[in-house]
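Computed from a predicted structure; not experimentally measured.
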Amino acid sequence: MTTQAPQAAQAVTLPGSLDEAVEALAAMPAAVPVAGGTDLMAAVNSGQLRPAALVGLGRISEIRGWQYQDGHALLGAGLTHARMGRPDFAALIPALAASARAAGPPQIRNAGTLGGNIATAAPTGDALPVLAALEATLIIAGPGGARREVPVSHLLAGMDLLRSGELIGYVRVPLLHAPQVFLKATGRTGPGRATASVAVVLDPARRGVRCAVGAIAPMPLRPLDAEAWVGRLIDWDGERTLVPEALNAFGEYVAAACIPDPAPAEDGSVAPLPPAVLQLRRTVAVLARRALGRALS
């Protein structure tokens, strides 16, 4: 996990249940929860973090699987990317499985967890745009056996943060039984951090398209106007096809919504986007177009 010797933590607790982990955090407010440790060890190695105590979550079996619940999948926060990338999970939530397979090299996928991806909330977290497009919610465990449900998007936007002694226990995802696609662009070949990512989910019951763009902002972006526009063009009772011109327009719509032109100056002139930003906008447009095209094919 690391080639350096981080400063030793003062205490390490290994609870066997979610409630025990919450109790440990409540008893040690300075403690840091750790599951896969992929982000934690990077922060320790860079000197950004020196935890006084650790609460290990690896022995909590209840959060390492999933179950069905009222048309939803209740995913344990301890699910690893490697486990989510397997075919049985891909049949359940294809876009989330695709993001898990793209999360990095095998050593990262084997250790990194769904809950850690959410709690760290790094802009390049591959699962985040998928969860935003699926409109997933979190089941948060608190002291005294308390549970509360929060939309993932609220946590990522800072509208509702984890409180002292709380842990992400589960992620509640609706099972749409419809095509889903996740695509990402990286700065190099092979697994790597995304420079941009797009998740597209079809929702036939609501005759809608959901789209989320990741890695280009501190949180995933939902181009709601573009979603509504393209949803009205799709024949939901027929073959659900779009002409290439409509797919191209959707990509441009999404990209312009997420990376808008600069505000006009006082004289009414508009400065052009820097070349790097313009290239990023083109990348988002291509990803959005391809993702929707694959979802409809």
Side-chain angles (χ1 to χ4, degrees), residues 81 85 90 93-105 117 122-135 153 156 176 178-203 208-235 239-262 270-297:
H81 300 304
I93 312 173
L96 194 54
S99 72
R101 291 192 293 267
N117 212 215
T124 54
D126 291 317
L128 304 186
V130 178
L131 296 174
L134 289 168
E135 297 179 352
S153 58
L156 298 178
L176 301 178
Q180 309 169 6
V181 176
F182 170 80
L183 298 175
K184 83 174 187 178
T186 63
R188 57 186 176 87
T189 58
R193 292 187 180 275
T195 56
S197 59
V198 171
V200 168
V201 174
L202 300 188
D203 188 351
V209 173
R210 301 188 209 161
C211 176
V213 179
I216 66 170
M219 58 172 287
L221 304 177
R222 287 279 303 274
L224 299 178
D225 288 344
E227 292 179 3
W229 173 78
V230 79
R232 291 192 293 267
L233 298 181
I234 297 173
D235 179 8
E239 296 183 355
R240 299 183 193 171
T241 57
L242 285 177
V243 297
E245 292 79 7
L247 286 173
N248 290 334
F250 173 72
E252 296 295 336
Y253 202 161
V254 169
C258 296
I259 307 176
D261 290 323
V270 178
L273 289 172
V277 177
L278 193 59
Q279 178 59 36
L280 184 60
R281 181 193 269 186
R282 294 193 189 103
T283 299
V284 171
V286 170
L287 290 176
R289 169 174 57 80
R290 288 180 179 174
L292 180 59
R294 293 184 187 183
L296 293 172
S297 64

**Item:** Step-by-step side-chain contact (heavy atoms from CB on, under 4.5 Å) determination, D261 to L273
**Value:** CA-CA 7 Å; D261 290 323; L273 289 172; 3.9 Å; yes
**Request:** Please assess Q279 against T195 for the test side-chain contact (heavy atoms from CB on, under 4.5 Å), listing each intermediate value before the final yes or no.
**Result:** CA-CA 11 Å; Q279 178 59 36; T195 56; over 6 Å; no
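The only option from I93, L134, V130, V181 that meets the side chain to side chain contact (heavy atoms under 4.5 Å, CB included) definition with V201 turns out to be L134.
Within the 4.5 Å cutoff, the side chain of R240 has heavy atoms near those of the P179 side chain. Using a 4.5 Å cut-off on side-chain heavy atoms (C-beta onward), V198 and V254 make no contact. Counting heavy atoms from C-beta outward, Y253 and P223 have side chains that stay 4.5 Å or more apart.
Between the CG atom of D126 and the NE2 atom of H81 there is a distance of 7.5 Å, given to the nearest 0.5 Å. Taken from OG1 in T186 to CZ in R193, the straight-line distance is 12.0 Å, to the nearest 0.5 Å. Interatomic distance, CG of L96 versus CZ of R101, reported as 10.0 Å (0.5 Å rounding). The OG1 atom of T283 sits 10.0 Å away from atom CD1 of I216, with the distance rounded to the nearest 0.5 Å. From L280, atom CG reaches atom CD1 of I259 across 4.0 Å, with rounding to the nearest 0.5 Å. We find the CG-CD distance between D203 and E227 to be 10.0 Å, quoted to the nearest 0.5 Å.
The backbone N or O of L202 sits nowhere less than 3.5 Å from a side-chain atom of R210 that would complete a donor-acceptor pair.
Between P129 and F182, the closest heavy-atom pair is CG-CE1, 4.1 Å.
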Run the side-chain donor-acceptor check on residues 287-294: report pairs under 3.5 Å with partners two or more places apart or on a different chain.
unit_1 : atom_1 : unit_2 : atom_2 : d
R289   : NE     : N248   : OD1    : 3.2

